Structure formats: structure tokens, C-alpha cells
Amino acid sequence: DLWRGGLAPRMSAATARIAFTPNWWARAGWLLLAAYIVYACSLLDFTWARFMVGLDNGARFIGRMLPPNFSRWEILVKGLTESIEIAVLASALGILVSLPIGLLAARNLMPAWVTWPARMTIALARSFHPVIVAIVFVKALGFGALSGIAALTVASIGFIGKLFAEAIEEISLKQVEAVRATGAPFMNVITYGVLPQVFGRFIGFATYQLDSNLRNSTMVGIVGAGGIGGALFAAFQRFDYDFVCAMLLSIIFLIFVGELLATRVRAVFLERGKVDEE
């Protein structure tokens, strides 16, 4: 009776108060976010009428793109081949450079006076979009695939270097200390104590970067850095929209094939890693 009459109601009320205590700071934050969204839309001239006009223009544009025109397939093949070459070379160079930079940026293995310059290099490589970097290299190296390779190499260093450094910082140091206890030199410690713990993740990073460079290699050509992007931009300027559609479909097909290959490569290396661990 005491439990039902006095203690239980008081505990239930206390529990209800704790469970449903309003978070006024969170509510104020959501209100500020909503107010800022409205304010930003007003500054950017975002109106419903303009959106509907854009939908109508987009429908007419798609109508002019169909059916796609593949009659000039030589230009498509040449542009796609050059984009693939740019992506593969930039990925390979970026990964090779990212390995030592990511290792130097790992704070659990290197002193602060080494990690800070490495991390500043990674931050600098990540600061700008690949198209902006491509514009700089086009001005420095001229038009062509070399500028695209240089721009995507910089982007690869920023991405792979950061993720590789973070992966090294998350490893277990017990294995590293065990290798050090054998009197092994520094490179053997890295080879046998660090790399086996991050190899699977590094393969995932590398394949993702290759996939990303395949996409970016179709964009840097717009500013003259090689690849199919230059032909795409020229077709837009000529209002040759059916050929634009053909190139867009070809790019989509290229990205799908690259994704399938990347998934297969990751699966093969992960299976091999599991076998080695067993």
C-alpha cells in the first residue's frame, strides 16, 4: 500500500521529469538555424516562381538532349581514354607521395616538429577544389593532360595523406612495441608493425581515390587540363546537346565500371588479408 500510494507515484513523476526535460539550448539552436536558412534564401534570391521556371527550362533542355548522338564516337573514345590515363597516373603518383607524408603526419609515431609540417602540407593540398588547382596548373604548365595529372595528384595527396595518417593513429601500439623489442630498425617496425594493421583500410582509401579521380578527370578538362571535359565544354558552347547527352552517358558508364572494378579489388585484398591473418 505504501508503495502504491506514495513512493511509486513520486518515483514515476521524478522519472518523467528527468526523461522529458526540455533542452532549451538545442531548441534555440534549431530556431537560429531555421532563421538563418530563411535569411540565406532571401539573400540568394531563391523563390518558388524562379524554381518553377527552372523546372520548365530543364525539361526543354532534356528534350533537346534526346536522343543521344553517338555518331562521333572517336571523340568520345579519345576523351575517355585520356581521362582514364589522367586518373590512373594521378592516383599512382598521389598514393606514392601520400605514403611518406601520411606516415610523418601520424602523431603516435612521430614527434611534433615532424607532424606539424606534414599536416600543414596535407591541409594545403586539401584547401582547394581540383578544378581551382587545375586552373593554376594550366596557367603554369599550359593546356593538356599534364596539368590535369598535376592537379589530381595534389588532390590525392590531401585525401590519402589525411586518411592514412588517421588510420596509423588508430593502430594498436602493442604490435609496434613487440617489433621494436626485437631490435628491428625503424623501417622494419613500419613494415611489420604498422602496415599490416592499416593495409586493408589503405586499399579502400586508394580505390576510392581512384574512383574519385575518374570523376574529377572529367571536370578538369573544362578548364583545359585534358580529358573528356574539354570536348564536353566545347559541345555545350556549340549547343550540340545530343552529343552532350552521349558524352554524359559515356561518363556515367565509365564511373560505373570504375566502381565495379574498385569493389572487386577491395574484395580481393580483404580476402587475402583475412587468409594471412588466419
Side-chain angles (χ1 to χ4, degrees), residues 33 36-37 39-41 43-44 46 82-171 190 194 198 201-230 232-233 251 254-255 258-259 262:
L33 178 62
Y36 180 76
I37 290 174
Y39 172 72
C41 289
L43 287 181
L44 298 175
F46 180 80
E82 191 173 31
S83 293
I84 293 172
E85 292 169 350
I86 291 172
V88 172
L89 291 175
S91 299
L93 292 174
I95 290 170
L96 287 177
V97 178
S98 298
L99 283 171
I101 294 178
L103 181 62
L104 295 176
R107 288 170 290 195
N108 58 340
L109 297 179
M110 299 294 175
W113 62 270
V114 174
T115 59
W116 276 108
R119 287 187 170 270
M120 289 178 63
T121 302
I122 293 173
L124 181 63
R126 288 170 49 83
S127 298
F128 302 101
H129 193 275
V131 174
I132 299 177
V133 181
I135 294 173
V136 175
F137 278 110
V138 166
K139 293 295 183 181
L141 303 176
F143 294 98
L146 181 60
S147 299
I149 293 171
L152 296 185
T153 299
V154 172
S156 300
I157 292 172
F159 180 81
I160 297 292
K162 177 179 174 59
L163 293 183
F164 190 52
E166 292 178 351
I168 294 176
E169 290 179 349
E170 296 173 0
I171 66 172
I190 299 300
V194 176
V198 298
R201 297 182 63 184
F202 179 72
I203 292 299
F205 300 153
T207 53
Y208 178 82
Q209 186 59 40
L210 176 59
D211 182 61
S212 177
N213 283 340
L214 281 174
R215 295 192 301 269
N216 291 330
S217 65
T218 63
M219 293 191 303
V220 295
I222 296 176
V223 295
I228 198 173
L232 181 65
F233 184 66
I251 292 171
L254 174 65
I255 300 303
E259 178 64 24

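What you see is a predicted model, and the numbers here were worked out from it, not measured in a lab.
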field: Side chain Asn108, main chain Ile168, donor-acceptor under 3.5 Å
entry: yes
query: Say you draw a straight line from CG of Leu124 to CZ of Arg119; how long is it, rounded to the nearest 0.5 Å?
result: 15.0 Å
- request: Run the numbers on Ile101 and Ile122 for side-chain contact (heavy atoms from CB on, under 4.5 Å), then give the verdict.
  value: CA-CA 8 Å; Ile101 294 178; Ile122 293 173; 3.6 Å; yes
query: Which atoms form the tightest heavy-atom contact between Asn213 and Ser156, and what is the distance?
result: ND2-OG, 3.0 Å
field: Steps toward side-chain contact (heavy atoms from CB on, under 4.5 Å) verdict (Glu85, Ile149)
entry: CA-CA 9 Å; Glu85 292 169 350; Ile149 293 171; over 6 Å; no
- prompt: What is the minimum heavy-atom distance between Leu141 and Ser147, and which atoms define it?
  reply: CB-OG, 3.6 Å
message: Can you tell me how far apart CZ (Arg215) and CG (Leu152) are? Round to the nearest 0.5 Å.
response: 11.5 Å
field: Candidate list Val136, Val133, Ile132, Val131, test side chain to side chain contact (heavy atoms under 4.5 Å, CB included), partner Val223, passing option
entry: Val131
Val154 and Phe137, any side-chain heavy atoms less than 4.5 Å apart: yes
task: Provide the closest heavy-atom pair for Ala105 versus Glu169 in the form atom of the first, atom of the second, distance.
output: O-OE2, 3.6 Å
query: Under 3.5 Å, side chain of Thr115 to main-chain N/O of Ala106, donor-acceptor pair present?
result: no
task: Grab the two heavy atoms, one from Ser217 and one from Val220, that are nearest each other, plus how far apart they are.
output: O-CG2, 3.7 Å
message: Determine whether Ile160 and Phe202 satisfy the following criterion, side-chain contact (heavy atoms from CB on, under 4.5 Å), listing intermediate values before the conclusion.
response: CA-CA 8 Å; Ile160 297 292; Phe202 179 72; 3.9 Å; yes
- request: Quick one: pull up OG in Ser91 and CD1 in Ile86 and give me the separation to the nearest 0.5 Å.
  value: 11.0 Å
field: Rounded distance [0.5 Å steps], CD1 in Ile228 versus CD1 in Ile222
entry: 10.5 Å
- line: Heavy-atom nearest pair, Pro117 first then Ala112, reads CD-O, 4.4 Å
statement: Closest non-hydrogen contact found for Pro130 with Asn216 is CG-ND2, 3.9 Å
query: Going by heavy atoms in the side chains, are Ile84 and Leu254 under 4.5 Å from each other?
result: yes
field: Euclidean distance, Leu210 CG relative to Ile95 CD1, rounded to 0.5 Å
entry: 7.5 Å
statement: Value for CZ (Arg107) from CH2 (Trp116), rounded to nearest 0.5 Å, stands at 7.5 Å
